[in-house]
Amino acid sequence: MANETPIILIPARMAATRLPGKPLADINGRPMIAHVIDRALEAGIGPVAVAAAEQEVADAATAAGAIGIVTDPELPSGSDRIMAALREMDPNRAYSIVVNVQGDLPTISPQSIQAALKPLEDADVDIATLVAEITREEERDNPNVVKAILAANGRALYFTRATAPTGPGPLWHHIGLYAYRRAALERFVSLPPSPLEQRERLEQLRALEAGMIIAAAEVDDPPLGVDGPDDLERARIMLAQNQ
């Protein structure tokens with residue numbers, strides 16, 4: 001990745017079915033988005049910006065030390081949101097690698113964010129992501145735990161909510177953090193949703209169906225994704241213990 005400059009972009013919006021107002025949900029006296037920004041800044045790989053759907057989220061991001069960019073609230077996905085923010089803040093294309101950290105991962109480790117850059121050392125890889133080996137039996141058949149099916153070289157062959165592949169060997173929990181080459185992100189958001197993407201409800205399948213190469217780096221443990229009130233309470237406990 002010689003001469004390539006990364007930036008971390010965090011998409012965030014207040015509308016969420018199970019946890020409305022998620023980016024500003026209180027975790028030990030600070031909004032959730034501030035904790036995600038902390039982890040991103042600690043990774044130390046480049047500047048951190050929040051692509052927000054609302055001004056109040058952008059203001060919270062600025063207060064936490066990130067760049068806050070307000071984007072169209074009607075944008076259909078986080079990928080579209082970070083692309084819109086990038087175009088606004090970097091028209092001269094200074095940043096060639098875009099790391100998309102989800103705004104509901106307050107317990108993500110800085111080391112995991114750093115690890116997402118590793119697969120991009122292969123010039124043929126368009127998009128990098130993360131996986132962790134599934135060690136809890138209840139996650140093997142849980143459709144909310146997305147499985148990555150990987151070749152021996154770490155390249156992704158498929159992503160699914162099913163329990164796959166069959167037979168002996170590890171199952172990989174996909175972690176929804178991506179590092180894109182800028183050109184790959186631009187191409188990705190220009191594509192329409194693909195048939196498999198719509199069937200599995202997994203956006204990354206759009207890239208695979210278009211022939212883009214996704215490769216994964218392995219990390220030790222998946223971060224907690226905060227989807228509902230129970231997850232929020234778990235995040236409060238985990239972060240209080242870490243502090």
Side-chain angles (χ1 to χ4, degrees), residues 7-43 48-86 88-89 98-110 112-113 116 129-130 132 139 142-146 161 173-179 189 197 201-204 221-243:
I7 183 171
I8 296 174
L9 276 162
I10 304 167
R13 65 188 185 103
M14 294 290 281
T17 303
R18 294 185 59 201
L19 191 62
K22 187 191 295 191
L24 301 184
D26 180 84
I27 298 180
N28 305 337
R30 300 176 70 219
M32 176 163 24
I33 194 67
H35 291 276
V36 181
I37 290 167
D38 287 350
R39 307 291 89 75
L41 290 170
E42 289 162 8
V48 177
V50 172
E54 298 87 9
Q55 184 65 53
E56 58 189 320
V57 178
D59 291 344
T62 302
I67 303 163
I69 306 288
V70 179
T71 57
D72 183 350
E74 299 303 317
L75 287 168
S77 73
S79 302
D80 294 288
R81 198 168 302 289
I82 65 169
M83 189 73 253
L86 185 64
E88 179 177 335
M89 67 178 292
V98 182
V99 181
N100 179 357
V101 177
Q102 299 301 321
D104 59 1
L105 297 178
T107 68
I108 185 82
S109 75
S112 291
I113 298 172
T129 192
L130 300 176
E139 292 186 352
N142 184 344
N144 294 317
V145 176
V146 176
R161 297 180 183 278
H173 179 162
H174 178 235
I175 299 166
L177 184 153
Y178 299 94
V189 299
E197 171 189 359
R201 293 178 290 112
L202 295 174
E203 190 180 54
Q204 61 271 36
D221 193 43
L224 171 66
V226 177
D227 293 321
D230 291 346
D231 298 325
L232 182 62
E233 188 55 37
R234 285 181 61 199
R236 288 170 177 152
I237 293 169
M238 292 170 69
L239 287 168
Q241 290 172 340
N242 290 342
Q243 290 168 353

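Computed from a predicted model, the values in this text were never measured in an experiment. Heads up: numbering here begins at 1 and tracks the sequence.
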* How many angstroms lie between CD1 in I69 and CE in M89, if you round to the nearest 0.5 Å? -> 5.5 Å

* Asked: Got L9 and N100 here, is their nearest side-chain heavy-atom distance under 4.5 Å?
  -> no

* With sequence neighbours left out, what residues match H173 under ring pair (Phe, Tyr, Trp, His ring centres under 6.0 Å)? -> none

* Taking all heavy atoms of V57 and all of A12, pick out the closest pair and write down the distance. => CG1-CB, 3.9 Å

* Asked: How about L130 and S112: do any of their side-chain heavy atoms sit closer than 4.5 Å?
  -> yes

* Asked: Does the side chain of L19 reach to within under 4.5 Å of the side chain of D227, using non-hydrogen atoms?
  -> no

* Would you indicate whether the side-chain heavy atoms of Q204 and T129 approach each other to under 4.5 Å? => no

* Asked: Where is the tightest heavy-atom contact between A53 and P73, given as atom of each residue plus distance?
  -> O-CB, 3.8 Å

* Asked: Any side-chain heavy atom of P23 sitting closer than 4.5 Å to one from M14?
  -> yes

* In terms of side-chain heavy atoms, does E203 have a donor or acceptor partner in S79 at a distance below 3.5 Å? -> yes

* Could you tell me which non-hydrogen atom of A58 sits nearest to which non-hydrogen atom of A52, and how far apart they are? => N-CB, 3.7 Å

* **Check: R39 side chain, I113 main-chain N or O, donor-acceptor pair, under 3.5 Å** => no

* So, T71 side chain and R81 main chain: donor-acceptor pair closer than 3.5 Å or not? -> no

* Structure fact -> Minimal heavy-atom distance between L105 and G225, with the atoms involved, is CD2-CA, 3.8 Å

* For L202 and R161, which heavy atoms make the closest approach, and how far apart are they? -> CD2-NH2, 3.5 Å

* What heavy-atom pair brings P229 and R18 nearest, and what distance separates the two atoms? -> CD-O, 3.8 Å

* Calculate, to the nearest 0.5 Å, the distance between atoms CD1 and CG belonging to I175 and D221 respectively. => 8.0 Å

* To do: For residues E233 and D231, determine if any side-chain heavy atom of one lies less than 4.5 Å from a side-chain heavy atom of the other.
  => no

* Structure fact -> When rounded to the nearest 0.5 Å, the distance separating CZ of R236 from CG of L232 is 4.0 Å

* Structure fact -> Here the salt bridge (charged side-chain N to carboxylate O under 4.0 Å, His left out) pairs for residues 62-78, sequence neighbours left out, are none

* First locate atom CD1 of I37, then atom CD1 of I8, and finally report the distance between them rounded to the nearest 0.5 Å. => 10.5 Å

* Please name the residue in the list I67, L86, V99 that meets the side-chain contact (heavy atoms from CB on, under 4.5 Å) test with I7. => L86

* To do: For T107 and L239, indicate whether the former's side chain and the latter's backbone hold a donor-acceptor pair under 3.5 Å.
  => no

* To the nearest 0.5 Å, tell me how far I10 CD1 sits from D104 CG. => 11.0 Å

* Spacing of Q102 atom CD and I82 atom CD1 [to the nearest 0.5 Å] -> 8.5 Å

* Looking at side-chain heavy atoms only, is the closest gap between P106 and I27 below 4.5 Å? -> yes

